[in-house]
Amino acid sequence: MRGPAWRALLLVLALALADAAAGRFVVEKNSIQVTSPDELKGKYECAIGNFGVPQYGGTLHGWVKYPSTNQQGCQSFDDISFKPKKAGGRPNFVLLDRGECFFTIKAWNAQNAGAAAVIVVDDKSEPLITMDNPDEGKKHLENITIPSVLITKKLGDQLKKSAEAGEMLSVLLDWRESLPHPDERVEYEFWTNSNDECGPKCDMQMDFVKSFRGTAQVLEKKGYTQFTPHYITWYCPEAFVTSKQCKSQCINHGRYCAPDPEQDFSQGYDGKDVVVQNLHQICAFKIANETGKPWLWWDYVHDFALRCPMKDKKYTHDCASDVIKSLGLDVEKVNKCVGDPDADEENEILKVEQDAQIGHGKRGDVTILPTLVINNRQYRGKLDKVAVLKAICSGFEETTEPAICLSEDIQTNECLDNNGGCWLDQANNVTACKDTFRGRVCECPIVKGVKFVGDGYTHCEASGIGRCEISNGGCWQDTKDGKTISACSVSRCSLETLVFAFQFVDSVKSKCGILQNEESEGCKCPAGFKGDGVKSCEDIDECKDKLFCQCKGCSCKNTWGSYECSCGDEKLLYMREHDTCISKEGTTTTVGWSFLWVIFFGLVFAGVGAYTVYKYRLRVKQLRLSQSPLYPLVFTCKRSHVGLDLLVITMMVIHLVPA
């Protein structure tokens with residue numbers, strides 16, 4: 001009685017799962033570019049194997065070797081070595097035929113023989129498939145560290161023919177675009193299971209949680225990633241809802257099911273126990289996320305596995321509650337989220353999980369456990385801390401990745417080799433080379449708030465107001481007698497511009513650089529010097545050239561960058577601005593004050609005149625707009641602009657008046 005019914009149920013479930021997998025399973029791919037021989041040159045697609053360590057975000061260039069024996073790689077290569085013959089030589093990739101043994105066996109044997117990658121040739125003319133790992137063989141799953149790819153039969157036959165003809169085969173494996181990398185945050189999902197008695201795969205995913213927990217929490221706390229855990233369930237066919245098998249594997253009247261941990265329906269824990277604990281883990285994440293601490297999920301899963309294992313008969317609701325409580329989460333909220341497993345109704349949380357299993361966009365259905373989804377693409381490869389971190393790092397937009405992605409364990413700093421071919425100022429240790437996870441970029445830097453501009457490869461120079469603080473802006477500079485003179489100059493506005501500020505505010509802002517990045521004038525020898533301002537500035541002898549101190553009876557003495565002029569009579573005072581001598585007595589004071597009064601009244605009259613013209617123009621515009629129904633709105637905006645203009649002028653005055 002039990003046998004036929006149970007076999008019928010298994011058949012229905014198998015067909016349902018097979019149909020789903022076939023409908024939306026997406027093969028994740030990278031590219032293989034043949035660089036020699038010439039007749040095969042080009043870029044082709046290949047499928048990423050779901051084991052080993054794909055080089056996400058990177059490339060691998062090597063020679064292709066097709067063994068004369070053991071061409072399927074199902075036996076160890078005892079008499080062959082695929083290691084480069086010389087240190088630093090280009091790595092070798094092994095080309096193997098599909099068939100006779102697991103893909104992981106092929107990769108394991110090739111790796112042990114020194115291969116840097118495995119290229120498997122399909123034995124059928126069909127679309128590319130994903131090379132998955134078997135349920136057994138934990139040794140292979142944990143220790144394969146080289147990437148594996150599957151190519152089409154057509155390309156494989158061409159490569160084998162060239163290899164057998166003795167031609168040199170060179171290919172580039174490229175994973176740079178295998179994962180999207182749109183911005184500075186990576187979103188990833190981990191599809192897992194609370195079951196700890198499902199063999200090597202369960203052991204592997206628990207080992208991953210233990211090793212990756214700290215890294216995941218740091219990335220999440222600093223906002224670099226957004227992580228979401230997920231759990232797979234399926235529903236029991238309606239015709240079998242009341243069967244013993246469905247009752248033992250499902251909750252909520254057959255709606256959410258999981259396989260029996262021991263594959264034995266008479267003892268131990270049931271599939272429904274797994275579903276309930278999966279639900280506890282989802283709800284723990286939900287409550288932790290609501291409190292702003294989503295990273296507590298990693299602690300909960302880790303602690304639950306240690307404190308509540310099936311083998312110790314502690315895989316229970318009470319043990320789960322103790323773990324939740326120890327992490328400071330609200331047990332009542334978690335229990336409310338879990339709901340009643342015996343109720344004949346939908347569970348909102350698990351319903352969402354089932355919907356999420358269905359693929360969308362370029363992501364296929366999730367049918368393999370465990371599965372990692374990064375930026376909506378399924379990760380393929382070894383579930384290992386370093387391998388997964390590399391994949392996550394490849395999901396960041398270049399130059400936005402966190403520091404952990406640039407560590408020596410994750411990638412190679414290309415700026416250490418010949419400065420990455422970028423511009424370098426050795427004197428000041430300033431470089432345009434910026435290390436990234438995907439390689440390096442040559443980008444003129446910002447140093448001490450000063451932006452360098454240029455192509456980043458052959459030329460970068462400091463720009464802006466602070467440019468003179470960096471290597472004196474690349475200009476001439478010299479010091480004599482404790483006095484330093486520099487040819488580095490920065491643009492300044494003339495106070496004369498303020499006379500017209502009320503009428504031409506926009507042009508003043510443009511000219512003076514107010515509210516903008518002020519641009520530098522370059523290198524210019526200061527007053528008293530002549531030259532190009534870059535390599536040299538020579539002192540001008542004002543006395544010899546008779547440029548100044550030409551007043552009657554005056555004596556001239558040249559100094560570095562200037563001159564000294566003295567009048568022949570001690571009662572006279574030399575005025576540098578007018579190159580003349582005047583009396584030190586009352587006349588000086590009278591003339592000086594008269595000159596200041598003339599300047600003062602001149603500025604007053606100019607200011608009043610400018611303001612009168614401004615008010616006249618404003619009044620004319622108001623009269624023209626008074627006929628418009630939008631006049632009140634326009635006038636209001638105009639008043640706002642006047643306020644802004646006055647603010648700009650104030651900023652200009654502050655900016656121009658010397659400290």
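Quick caveat: nothing in here was measured; it's all calculated off a predicted structure.
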Steps toward salt bridge (Lys or Arg N to Asp or Glu O under 4.0 Å) verdict (R440, D435): CA-CA 5 Å; R440 65 95 179 97; D435 183 37; over 6 Å; no
Test side-chain hydrogen bond (donor to acceptor under 3.5 Å, both in side chains) applied to E189 and T228, step by step: CA-CA 5 Å; E189 309 166 3; T228 307; over 6 Å; no
Tell me whether [X] is salt-bridged to [Y], with the criterion being a basic N under 4.0 Å from an acidic carboxylate O.
| X | Y | result |
| --- | --- | --- |
| K351 | E353 | no |
| R307 | D312 | no |
| K29 | E45 | yes |
| D122 | K153 | no |

How about [X] and [Y]: do any of their side-chain heavy atoms sit closer than 4.5 Å?
| X | Y | result |
| --- | --- | --- |
| I232 | T192 | no |
| F212 | L389 | yes |
| T316 | C308 | no |
| R176 | Y56 | no |
| F77 | N112 | no |
| K434 | C415 | no |
| S243 | K247 | no |
| F240 | Q245 | no |

Looking only at heavy atoms, which two atoms of [X] and [Y] are closest? And how far apart?
| X | Y | answer |
| --- | --- | --- |
| M131 | V149 | CE-C, 3.4 Å |
| T104 | I144 | O-CD1, 3.5 Å |
| D97 | V120 | C-CG1, 4.4 Å |
| S211 | K385 | O-CD, 3.4 Å |
| F396 | H181 | O-CB, 3.3 Å |
| A258 | W234 | C-CH2, 3.8 Å |

Distance SG-SG for C257, C236 less than 2.5 Å: no
If you count every heavy atom of other residues, nucleotides or ligands that lies below 6.0 Å from [X] atom [atom1], does the total exceed 12?
| X | atom1 | value |
| --- | --- | --- |
| E290 | CD | yes |
| R213 | CZ | yes |
| D79 | CG | no |
| E126 | CD | yes |
| D417 | CG | no |

Would you say the side-chain atoms of [X] pair up with the backbone N or O of [Y], donor to acceptor, closer than 3.5 Å?
| X | Y | result |
| --- | --- | --- |
| N92 | A115 | no |
| N252 | A343 | yes |
| Q71 | Y66 | no |
| D196 | M310 | yes |
| K106 | Q72 | yes |
| D342 | I251 | no |
| N375 | G395 | yes |
| N70 | C74 | yes |
| D270 | D273 | no |
| Q55 | V53 | yes |

Rounded distance (nearest 0.5 Å) linking atom CD of E348 with atom SG of C337: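 So the CD of E348 and the SG of C337 are separated by 8.5 Å.
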Pairwise distance CD1(I392) to CD(E187) - rounded to 0.5 angstrom: 12.0 Å
Looking just at side-chain N and O atoms, do [X] and [Y] make a donor-acceptor pair shorter than 3.5 Å?
| X | Y | answer |
| --- | --- | --- |
| S178 | N30 | no |
| T436 | E398 | yes |
| T145 | Q111 | yes |

Worked verdict on V441 versus T399 for side-chain contact (heavy atoms from CB on, under 4.5 Å): CA-CA 8 Å; V441 294; T399 74; 3.9 Å; yes
Taking the ring of [Y] and the ring of [X], is the distance between their centroids below 6.0 Å?
| X | Y | answer |
| --- | --- | --- |
| F190 | F208 | yes |
| F227 | W295 | no |
| Y379 | Y188 | no |

Y44/Q33 under side-chain hydrogen bond (donor to acceptor under 3.5 Å, both in side chains): CA gap, chis, key distance, verdict: CA-CA 6 Å; Y44 307 85; Q33 182 175 347; over 6 Å; no
Result of checking V276, L279, I349, V275 against Y256 for side chain to side chain contact (heavy atoms under 4.5 Å, CB included): V275
side-chain contact (heavy atoms from CB on, under 4.5 Å) assessment of Q217 paired with D299: CA-CA 9 Å; Q217 290 177 327; D299 290 330; 3.0 Å; yes
Mutual orientation of the aromatic rings belonging to Y315 and Y269 [parallel < 30°, tilted 30-60°, perpendicular > 60°]: perpendicular
Verdict with reasoning, I32 to D174, per side-chain contact (heavy atoms from CB on, under 4.5 Å): CA-CA 6 Å; I32 178 171; D174 190 345; over 6 Å; no
Residue pairs involving residues 313-327 (criterion salt bridge (charged side-chain N to carboxylate O under 4.0 Å, His left out); sequence neighbours excluded): none
Full working for side-chain contact (heavy atoms from CB on, under 4.5 Å) between S148 and F103: CA-CA 9 Å; S148 299; F103 293 117; over 6 Å; no
